Amino acid sequence: MIEKLFENKIVSHDFPIFMNDTFYDGTRIKSLKQCTQDCIKDDFQNVITYSRCSHGLTHYRKSVKGHKIAITEVVGDRYAHDGKIKYKGRSVTLSDALSWYSYVERHHDVFEKIVFERASTDFDKFHEFTKWTDQIVFYAEKLLVKNGVGVKDSYSKAPAHVKSLYKISSMLKDSLDSTGIYFNPAAAKYGKRRNTDIYRMIHKMVMILEHTEGSAFNKKIRMKGSVKREYDVYESFKIIPLSFIQNAIKYSTSNEITVRFEELTDSVVISVISTGNLLQNDIETLCQRGFRTPWAKYMHHDGKGLGLYASNVVAKAHSYKIGVGSK
């Protein structure tokens, strides 16, 4: 979203900026072609920071809605007289920078609201479609279980076309459920919380993912540990492990993914472990609606930043915690 505001010149800036490694020249203050990205410290935070490089120019930095935005090649407040003369016309005070960052955030919020409301209206038209999807899933499972005892046994014995129908119907329903929560967060609490065998739920999910997305990306999913108790969860809970496993499939650089279960006194910790790019540990930033890391954009251009946002909504509906970490 925020890139589009700059690409389409909806957000104006008198001065040069770098945003997520992309350079945009200013309308009034033009680049001197002296500085590179090495002049800009990579310490972007939710509050403004600034420094002066070896060329004597100031670079302001701030993380805006998860995006790294730098005001670059300008003259800040604490310049000696000779410095201001040398770079005359390039003055951007800290107050100016703060005002501009606030301006960008306001534009982002307004346009996100407009796009979200428009998309929500369009999604409402799919209400009947979601009901028919539930019916497809119901009859696909009925066809599957005719081939054995229980889902796992039936799946191993079912003919290929029945397996395909079952997998596609399950993935379609999960995708629609995630999209529904994206547009209507209250949907995370629909229905009653039910005692659920978490391990069995995720095992079924892994079985489907390994033969669909996992097969396409040549990934194997291993499950370690066990869960002896059942837990009260909403139907929406499945979106959390589904999203994390799907992300591991798409963005890991190794062929093996591990789903680990550690049952504690009154809770269970579920970890999805894979090898990939280093992640920032700020889960709230990663879970912002529509946010995607540069690595995610590099690996897959068609993502929408939907999965982690929906997962965070579901986690909060359950009063559960989700997080990410790299080492």
Side-chain angles (χ1 to χ4, degrees), residues 1-80 82-84 86-112 277-299 305 308-309 323-326:
M1 167 63 74
I2 205 164
E3 293 97 334
K4 298 297 181 184
L5 297 180
F6 286 94
E7 290 171 6
N8 294 294
K9 299 182 179 179
I10 296 170
V11 168
S12 61
H13 49 98
D14 292 342
F15 31 73
I17 66 165
F18 265 107
M19 185 182 69
N20 299 337
D21 301 326
T22 300
F23 177 77
Y24 299 89
D25 209 350
T27 55
R28 180 177 64 83
I29 302 173
K30 300 296 183 181
S31 172
L32 296 172
K33 310 297 183 184
Q34 294 178 349
C35 295
T36 66
Q37 282 185 274
D38 292 334
C39 294
I40 305 170
K41 292 184 178 179
D42 190 16
D43 62 349
F44 292 82
Q45 304 172 33
N46 292 327
V47 295
I48 194 168
T49 57
Y50 59 94
S51 59
R52 193 182 301 178
C53 70
S54 59
H55 301 103
L57 292 165
T58 298
H59 307 276
Y60 295 102
R61 302 174 296 282
K62 188 178 181 185
S63 177
V64 179
K65 307 296 182 181
H67 298 271
K68 297 178 178 180
I69 303 180
I71 299 171
T72 183
E73 298 185 55
V74 297
V75 174
D77 294 296
R78 299 176 181 177
Y79 268 74
D82 57 343
K84 291 183 178 180
K86 180 179 179 181
Y87 294 120
K88 186 177 181 180
R90 305 188 75 84
S91 177
V92 176
T93 67
L94 178 60
S95 178
D96 294 333
L98 286 167
S99 296
W100 183 79
Y101 280 118
S102 295
Y103 156 78
V104 173
E105 289 173 337
R106 289 196 304 274
H107 271 65
H108 176 274
D109 290 344
V110 169
F111 277 86
E112 185 181 58
N277 196 46
L278 285 173
L279 286 172
Q280 59 192 91
N281 293 327
D282 182 3
I283 189 65
E284 290 300 325
T285 297
L286 290 171
C287 290
Q288 286 178 1
R289 184 191 294 138
F291 177 75
R292 301 184 72 216
T293 65
W295 175 255
K297 294 174 184 177
Y298 171 76
M299 292 286 286
L308 286 181
Y309 169 79
V324 293
S326 299

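The chain is numbered in sequence order, starting from 1. Reckoned from all heavy atoms, side chains included, excluding hydrogens, waters and symmetry mates. Since we're looking at a predicted model, the values are computed, not measured.
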Gap between atom [atom2] of [Y] and atom [atom1] of [X] - 0.5 Å precision:
{"X": "I69", "Y": "I48", "atom1": "CD1", "atom2": "CD1", "answer": "11.0 Å"}
{"X": "R28", "Y": "R90", "atom1": "CZ", "atom2": "CZ", "answer": "9.0 Å"}
{"X": "T72", "Y": "F23", "atom1": "OG1", "atom2": "CZ", "answer": "7.0 Å"}
{"X": "E105", "Y": "W100", "atom1": "CD", "atom2": "CH2", "answer": "10.0 Å"}
{"X": "S102", "Y": "K62", "atom1": "OG", "atom2": "NZ", "answer": "5.5 Å"}
{"X": "S63", "Y": "D43", "atom1": "OG", "atom2": "CG", "answer": "11.0 Å"}

List the atom pairs, with distances to 0.1 Å, where a side-chain N or O of residues 12-19 and a protein N or O form a donor-acceptor pair under 3.5 Å, not counting sequence neighbours.
{"from": "S12", "atom 1": "OG", "to": "Y103", "atom 2": "OH", "distance (Å)": "3.2"}
{"from": "H13", "atom 1": "ND1", "to": "F15", "atom 2": "O", "distance (Å)": "2.9"}
{"from": "D14", "atom 1": "OD1", "to": "T27", "atom 2": "OG1", "distance (Å)": "3.3"}

[X] and [Y]: which non-hydrogen atoms are nearest, and at how many Å?
{"X": "Y87", "Y": "V75", "result": "CB-CG2, 3.3 Å"}
{"X": "C53", "Y": "H59", "result": "SG-NE2, 3.3 Å"}
{"X": "L32", "Y": "E73", "result": "N-OE1, 2.7 Å"}
{"X": "L94", "Y": "Y60", "result": "N-OH, 3.3 Å"}
{"X": "I40", "Y": "R61", "result": "CG2-CD, 3.6 Å"}

Counting only heavy atoms from other residues, nucleotides and ligands, does the tally under 6.0 Å from NZ of K30 exceed 12?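 Counting neighbours around NZ of K30, more than 12 heavy atoms of other residues, nucleotides or ligands fall under 6.0 Å, so yes.
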
Any side-chain heavy atom of V324 within less than 4.5 Å of one from L308?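 Contact flag for V324/L308 side chains = no.
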
Mind checking whether L57 and C39 have side chains closer than 4.5 Å, heavy atoms only?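 Side chain of L57 against side chain of C39, heavy atoms only: no contact under 4.5 Å found.
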
Before you tell me yes or no, could you show the steps for V104 and K65 under side-chain contact (heavy atoms from CB on, under 4.5 Å), namely the whole-Å CA-CA distance, both residues' side-chain angles and the distance that decides it to 0.1 Å? CA-CA 10 Å; V104 173; K65 307 296 182 181; over 6 Å; no

Less than 3.5 Å apart, any donor N or O on the side chain of S99 or D96 sitting next to an acceptor on the other?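 No pair is found: no donor N or O on one side chain lies under 3.5 Å from an acceptor on the other.
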
Does any N or O in the side chain of D25 come within less than 3.5 Å of the main-chain N or O of S31, such that one atom is a donor and the other an acceptor? yes

Kindly indicate, with the supporting measurements, whether the criterion side-chain contact (heavy atoms from CB on, under 4.5 Å) is fulfilled by H108 and V64. CA-CA 9 Å; H108 176 274; V64 179; 5.7 Å; no

